[in-house]
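Basis for what follows: all heavy atoms, side chains included, without hydrogens, waters or symmetry-related copies. Residue numbering restarts at 1 for every chain, and letters A, B, ... go by the order of the sequence lines.
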Amino acid sequence: MQAKSTLCQIPWNQLNPQQREAVGVLSGPLLVLAGAGTGKTRVVTYRVANLIAHRVPPRRILAVTFTRKAAGEMLARVRRLLRLPKDQGPVVGTFHSLCLDILRRHAQHLGYPKHFVVYDRSDQLSVIRTVLREVVTSGPSFRPADLAAWFSTWKAQGLWPQDASARASDPRTELAAVVYRRYQQALRLAGAVDFDDLLLLVLKLFDEHPAVLQQERNRFEHILIDEYQDTNPPQYRIIRLLAQGHCNLCAVGDDDQSIYRWRGARVEHILQFQRDWPQARIIRLEENYRSTQPILDLANRVIGFNRHRHAKQLRSARGSGPRPRIVAFADPEEEAQAIVSQIAAAVRSRQARPGDFAILFRTNDQIRPFEAQLRQLGLSYTVVGSTSFFDRKEVRDLMAFLQLALPPVNDVALLRVINVPPRGIGTQSVEWLLEQSVQQNRRIWSVMTDSQLLAQLPPRTQKALGEFVRWVEALQARARRRKPSQVLSWIVDTVQYEQEIARVSRTPEEQQGRQMAVQGLLETAAAYEAQEPRPSLRRFLDQMAVEDRTFAKPGQNFSPDEVVLITLHGAKGLEFSRVYLVGVEEGLLPHRHSIAEGQAAVEEERRLFYVGITRAQDVLTLSYCRHRPYRGRKKPCVPSRFLYEAAGQAQLAQQAAAHATQQWNQETPSAEKP
DNA sequence: ATTCGCCCTATTTTT
DNA sequence: TAGGGCGAAT
Ligand SMILES: Nc1ncnc2c1ncn2[C@@H]1O[C@H](COP(=O)(O)OP(=O)(O)OP(=O)(O)O)[C@@H](O)[C@H]1O
């Protein structure tokens, strides 16, 4: 274990004996299966560092994390542990960023342009809408969002349209599979891929091009993966294919924290690790360094109600602390008002800082009253995972313009801004373009630049289209070798976007809000440029598509001055000193849809509750409301069965469950599922 | 092209 | 309830 003087030893004293054992295993398959807060992520981080300390070149190590934020933090920690400079370090990323990177290098093998675009959800929906217009549907029509969910479910199982068709057992599913096929064709024509395609296309690439698989296999000597319990089948296959040569695969996870079954994740992947890798070492971690014992007692009690699990008990290394509280409120307004004023009081008396607090909830619409209260009391806060900024019209418009700067021209982006600000290309003209594009199976852009075709149009429209085409060409020329923020400023200037904002705004406040959004996007671009050694517009758009879009300095935690608002799903892997887990009611947690779906879904809700509880380091407060508005009406609610389970009242828990099951089975029409 | 107004439905969780 | 989407009117 002689390290060269430039290489540091890792601080072994920050690990317990089991962690040391795991970190010390330098080759072969390794599984760390352990409960919440037992230091699994620390094992991955230190193990990466230890491999580097043992002369494994950093770029030959791949660490896969669940979120982009987790990736940034892990990379920053590894660098700090080894005092590595900014331009060195292992490859750390999510499955989606890893796959995007692979596809960028090999897309031509699949017949995609090298610079394919990644469609986000709303691009996806707009493609589905277009496709739906050409597909005859008898019976109840499909809603685009539902179809998107079907496609995603299929893709999470690795099914392409022909597979989906083959399996369809009823006419409606068959029809959906037909739309699925047309959707994929439309994406292909547009030179676009959606989020799930990133994974499936990598598998296709590996299946059809063994040489590429070999090349990608050789790239890494070691693979580590965090949150392994939440991998879906395509992700699982990718990892197995990549690790098969060297078998240096370290997976880390907790079956009790598997919360993405609804998105196709399979907890079996972690449970069958030993079978997949017969030589695997399995290490368990027992001690929890995060929470006090009373919090863990509650967590242990609740998760014990799940039938299908590997039994584990969490033991606190931190000892005792205040008992978790369960509080009832009249309605969400009161809940928010009471909790936020408690936080404000603690902050005022300097017992705690805003950043010590996190408010965890099941569904996004629970945020509202909390945001309102926080604003009212003048506390700053951050909504983790919020996309509201990027959903703003101004931001979407400008992002669409930016995409036009890079060929191949993205059809969805093009259609979005083709008449923004109004430039005489109205619905008539757009209809005509769409029609030509469908008939001739060509991209919109190719129709727009075909002077013969355009001759059919009235001169006014021809002129307008011609001018826009010339503007886009100027934009593309301009965008070469310029930074995103420069391109963006040029766009804002030349389309006179600010004048457009002034024109459409009805009040000064509205105008200011819109201007701020533009400003915000400029700042986002600047933040990206500050973070990236060689910024480019392409990289910026890629990152905006699949990565964390805040471009915050990695390794930097949440601001100590902001209360954190976050969903239970978003909170996985995080920790906070004081946690409020709100809205713990039958119908919300467990969610009514899960109750209607059955026991497996309810067990997942219980795991979600368990994840929430185990985020708390010091103080945990669970709350529920007696009434909550649902579909515009105030409805009475009862405490969640999980609260009774937490209190050890199995009997009452069962009563609550039985009652709710009956209620939600009646009221919830069963959702269509392929 | 824009705006008004009516109707309808509802996101559970997200890379 | 409220917000979005769509059709009709200006
Ligand atoms: N050996 C140790 N000694 C002291 N603190 C530790 C040790 N290992 C981990 N920790 C701390 O315990 C907390 C939980 O660690 P970590 O996030 O790695 O756990 P985890 O098992 O990944 O948790 P989860 O499953 O909930 O995501 C962190 O604050 C970490 O810094």
Side-chain angles (χ1 to χ4, degrees), chain A residues 64-71 93-100 118-122 124-126 129 143-146 148-149 152-153 155-156 193-200 227 230-232 234-235 238 258-265 360-368 384-387 391 393 419-430 464 500 503-504 506 543-549 566-573 583 585 587-597 601-602 604-605 607-609 611-612 628-635 664 667-669 671:
Chain A
V64 181
T65 60
F66 199 70
T67 63
R68 172 64 212 172
K69 188 170 156 52
T94 59
F95 272 106
H96 291 84
S97 62
L98 170 73
C99 290
L100 178 58
V118 182
Y119 274 0
D120 70 11
R121 187 181 160 74
S122 77
Q124 227 186 90
L125 291 177
S126 97
R129 269 185 220 110
R143 284 173 316 186
D146 290 348
S152 195
T153 306
K155 288 180 177 185
V193 305
D194 70 17
F195 243 69
D196 301 308
D197 284 346
L198 291 171
L199 306 174
L200 288 202
E227 309 280 12
D230 271 325
T231 48
N232 70 20
Q235 295 169 335
I238 289 169
S258 158
I259 53 177
Y260 283 93
R261 197 184 73 112
W262 56 274
R263 204 171 74 180
L360 273 48
F361 38 83
R362 177 65 176 82
T363 67
N364 282 308
D365 64 332
Q366 290 175 262
I367 299 187
R368 278 202 193 185
V384 179
S386 162
T387 57
D391 294 336
K393 179 181 182 305
N419 204 30
V420 177
R423 52 172 69 85
I425 310 176
T427 29
Q428 295 280 309
S429 322
V430 171
E500 169 65 4
R503 188 180 69 85
V504 299
R506 319 220 66 182
Q543 298 217 14
M544 290 287 280
V546 299
E547 315 244 311
D548 170 50
R549 296 182 288 190
I566 189 169
T567 63
L568 288 164
H569 285 89
K572 187 169 73 156
E585 297 137 30
L588 202 50
L589 184 64
H591 196 275
R592 51 178 92 64
H593 291 178
S594 296
I595 296 172
E597 214 178 304
V602 170
E604 178 150 300
E605 297 276 330
R607 291 193 289 271
L608 201 50
F609 184 55
V611 166
R628 178 175 298 273
Y630 177 61
R631 306 237 164 142
R633 283 197 179 284
K634 244 190 166 95
K635 288 240 180 167
W664 298 123
E667 293 188 19
T668 319

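Comparing B:dT12, B:dT15, B:dT14 by their closest approach to the side chain of A:Trp262 singles out B:dT14. Nearest to the side-chain atoms of A:Asn364 among the listed nucleotides B:dT14, B:dT12, B:dT2 stands B:dT14. Among B:dA1, B:dT14, B:dT15, the nucleotide with an atom closest to any side-chain atom of A:Thr94 is B:dT15. Side-chain atoms of A:Tyr260 lie closest to B:dT14 of the nucleotides B:dT12, B:dT2, B:dT14. The side chain of A:Asn419 approaches B:dA1 more closely than any other nucleotide in the set B:dA1, B:dT12, B:dT2. Checking B:dT14, B:dT15, B:dT12 against the side-chain heavy atoms of A:Thr67 singles out B:dT15 as nearest. Considering only the side chain of A:Arg368, C:dG3 comes nearest among C:dG3, B:dA1, B:dT12. In the set B:dT14, B:dT12, B:dT2, B:dT14 carries the atom at the smallest distance from any side-chain atom of A:His569.
The side chain of A:Ser594 contributes no N or O atom lying less than 4.0 Å from OP1 or OP2 of B:dT12.
The distance from the OH atom of A:Tyr119 to the CZ atom of A:Phe195 is 14.5 Å, given to the nearest 0.5 Å.
Look at CG on A:Leu199: it is 18 Å from P on B:dT14, rounded to the nearest Å. The CD atom of A:Glu597 sits 12 Å away from the P atom of B:dT12 (whole-angstrom rounding). Remark: P of C:dT1 and NZ of A:Lys635 are 15 Å apart, rounded to the nearest angstrom. Rounded to a whole Å, the CD atom of A:Gln235 is 12 Å from the P atom of B:dT15. Nucleotide B:dT15 holds its P atom 14 Å from the CE atom of A:Met544, rounded to whole Å. Note: NZ (A:Lys69) to P (B:dT15) measures 13 Å, nearest angstrom. Here the C1' atom of nucleotide B:dT14 and the NZ atom of A:Lys155 are 15 Å apart, to the nearest Å. Rounding to whole angstrom units, CZ of residue A:Arg423 and C1' of B:dT2 are separated by 17 Å.
The shortest non-hydrogen separation linking A:Ala156 to A:Gly264 is CB-CA, 4.0 Å. Residues A:Leu568 and A:Val611 come closest through the heavy atom pair O-CG1, 4.2 Å.
Counting heavy atoms from C-beta on, the side chains of A:Glu500 and A:Pro422 come closer than 4.5 Å.
B:dT12 has its base stacked against the ring of A:His591, the centroids being under 5.5 angstrom apart at an interplanar angle below 30°.
Within 4.0 Å of A:Phe66, counting heavy atoms only, lie sugar-phosphate atoms of the nucleic acid but no base atom. Residue A:Arg503 is in sugar-phosphate contact alone, with no base atom involved, counting any heavy-atom pair closer than 4.0 Å across all strands shown.
Nearest-nucleotide assignment on DNA chain B puts the 5′-proximal partner with A:Val504, out of A:Val504 and A:Arg631.
Between A:Glu597 and A:Arg261 there is a salt bridge, since at least one side-chain N of the basic residue sits less than 4.0 Å from a carboxylate O of the acidic one.
Taking the six-membered ring for Trp and thresholds of 30 and 60 degrees, A:Tyr260 and A:Trp262 have ring planes inclined between 30 and 60 degrees apart.
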